[in-house]
Amino acid sequence: MRHMGDREGEGSLSGCRSGNLRTDKADLRRNFRRRAATYEQYAQVQRDMAGELLRLAETEIKKAARILEVGCGTGTLTRELRRLNPRAWILAVDLDPEILRRARVALAGDRGIAWLAMDAESLSQGGFDLIIANSVFQWFSRPHATLARYHRMLRPGECLAFSAMGPATFRELGQAWRRAAARPEAGPPVPVAATFAAGPDWVRMLNQAGFQDVRLARELRVVSYPSVLEFLKAVQGTGAVSPRPRALTPRLLRRLLAVYQDLFGNGVVPATYELLYLMARK
Ligand SMILES: C[S@@+](CC[C@H](N)C(=O)[O-])C[C@H]1O[C@@H](n2cnc3c(N)ncnc32)[C@H](O)[C@@H]1O
């Protein structure tokens, strides 16, 4: 394993969280569809992730003839793939047809892009020179099997490149949540991000799927928000929330806001994002 960069020590494996994650795809799709209209307004971190992923994969993007983009969303990364490589044939896949419609409008008239609404964990079409995804793989329910599938779908020597959020994402929220919950023994809701796979989990899964030359970069980014409510609004706006949120009573919400502010607020309110970038070759 080679590290492309590591701004803080690696987190512990804590078992393979992703392997246990059971995300219902219908809930996930509904969740992102509800946020389709606000996604671009709030998705500054995801845009930055796309920028870094493009930087890391630029050479691969420019020389690819056939690109698969997984979870294209409203087309943030798709637009840039096209800018970097005007000739490639791109298959852009997303769970939700309404989200895809928005991406299609944004890239109106581009006949070199095929749009497909389906679960990208069930794709089987092969012969790709590059499989790429920005901030999507953390939502996979069968990451082991899906990585093995993507390995089969790539041409020999070609590349898989993706960014994903890691389990330290929103760690302040988790801490505040645990402190605010009236009955911690009842199992307070934790941010879904705490269940995301960590960098070393992805490296291990990629190796097990048969990939070589696996490289990982990790960044812990702290974003400042004017208030806890503004932070929660931004998280809601991008859909980076549990597809099946547990009910939060108004009393618990008020307590959560107060505890978060007390623990971390200092003029502004910080929220950590753990950003992972992985590249691997068949
Ligand atoms: C955080 S958004 C990222 C969108 C886009 N990649 C970007 O950079 O802005 C995650 C997207 O992945 C899609 N997605 C999640 N799981 C998926 C799956 N199994 N198959 C296809 N799309 C999926 C969601 O519908 C959503 O549009």
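Worth knowing before you read on, the calculation uses all heavy atoms, side chains too, and leaves out hydrogens, waters and symmetry mates. This chain uses plain numbering: 1 for the first residue, then up along the sequence. Atoms within each ligand, like the ligands themselves, are counted from 1 in listed order.
- Per-residue contacts place Asp119 under 4.0 angstrom from the following atoms of ligand 1 (heavy atoms of the residue considered): 18 (C), 19 (N), 20 (N).
- Taking atom 7 (C) of ligand 1 as the reference point, the nearest protein heavy-atom neighbour is Tyr39 OH, 3.5 Å.
- The aromatic rings of His151 and Phe211 sit perpendicular, their planes meeting at an angle over 60°, well past the 30° parallel limit.
- Nearest protein heavy-atom contact of atom 1 (C) of ligand 1 is Ser135 O, 3.4 Å.
- Taking all heavy atoms of Ser163, Gly71, Ala92 into account, the minimum distance to atom 6 (N) of ligand 1 is reached by Gly71.
- Near Ala120, the atoms of ligand 1 lying under 4.0 angstrom from a non-hydrogen atom of the residue are 18 (C), 19 (N), 20 (N), 21 (C).
- Under 4.0 angstrom from ligand 1, the non-hydrogen atoms of Met118 all belong to its backbone.
- If you check the side chains of Glu69 and Thr78, you find a donor sitting under 3.5 Å from an acceptor.
- A donor and an acceptor atom, one from each side chain of Gln46 and Thr76, are nowhere located under 3.5 Å apart.
- Given atom 24 (C) of ligand 1, the protein heavy atom at minimum distance is Phe32 CD1, 3.5 Å.
- If you look at Leu28 next to ligand 1, the close heavy atoms, those under 4.0 Å, all belong to the side chain.
- Under a 4.0 angstrom heavy-atom cut-off, Arg33 registers as lying outside contact with ligand 1.
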Side chain to side chain contact (heavy atoms under 4.5 Å, CB included), that's the test. Do Leu100 and Val93 meet it? Break it down for me. CA-CA 8 Å; Leu100 267 187; Val93 181; over 6 Å; no

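- Classification of Asp129 and Arg155 as a salt-bridged pair holds, one side-chain N sitting under 4.0 Å from a carboxylate O.
- Aromatic ring centroids of Tyr260 and Phe231 lie under 6.0 Å apart.
- Ser163 and Glu52 form no side-chain donor-acceptor contact under 3.5 Å, judged by distance and modelled atom types alone.
- Residue contact annotation: Cys72 has a non-hydrogen atom under 4.0 Å from ligand 1.
- Each of the following atoms of ligand 1 lies closer than 4.0 Å to a heavy atom of Asp94: 11 (C), 12 (O), 13 (C), 21 (C), 22 (N), 24 (C), 25 (O), 26 (C), 27 (O).
- If you check each of Thr146, Val136, Ile99, Leu116 against atom 15 (C) of ligand 1, the one with the closest non-hydrogen atom is Val136.
- Considering backbone and side-chain N/O of Asn134, one or more are found under 3.5 Å from N/O of ligand 1.
- Between Phe162 and Tyr277, the distance separating the two ring centers is not shorter than 6.0 angstrom.
- With a 4.0 Å heavy-atom cut-off, ligand 1 is reached by the backbone of Leu95 and by its side chain too.
- Scanning all heavy atoms of the two residues, the minimum distance from Arg149 to Glu121 falls at NE-O, 3.2 Å.
- In the hydrophobic clustering of this structure, Met118 groups with Val136; members are Ile, Leu, Val, Met, Phe, Trp, Tyr whose side-chain heavy atoms approach within less than 4.5 Å, directly or through other members.
- For ligand 1, the polar-atom distance check finds no N/O of Gln46 at less than 3.5 Å from any of the ligand's N/O atoms.
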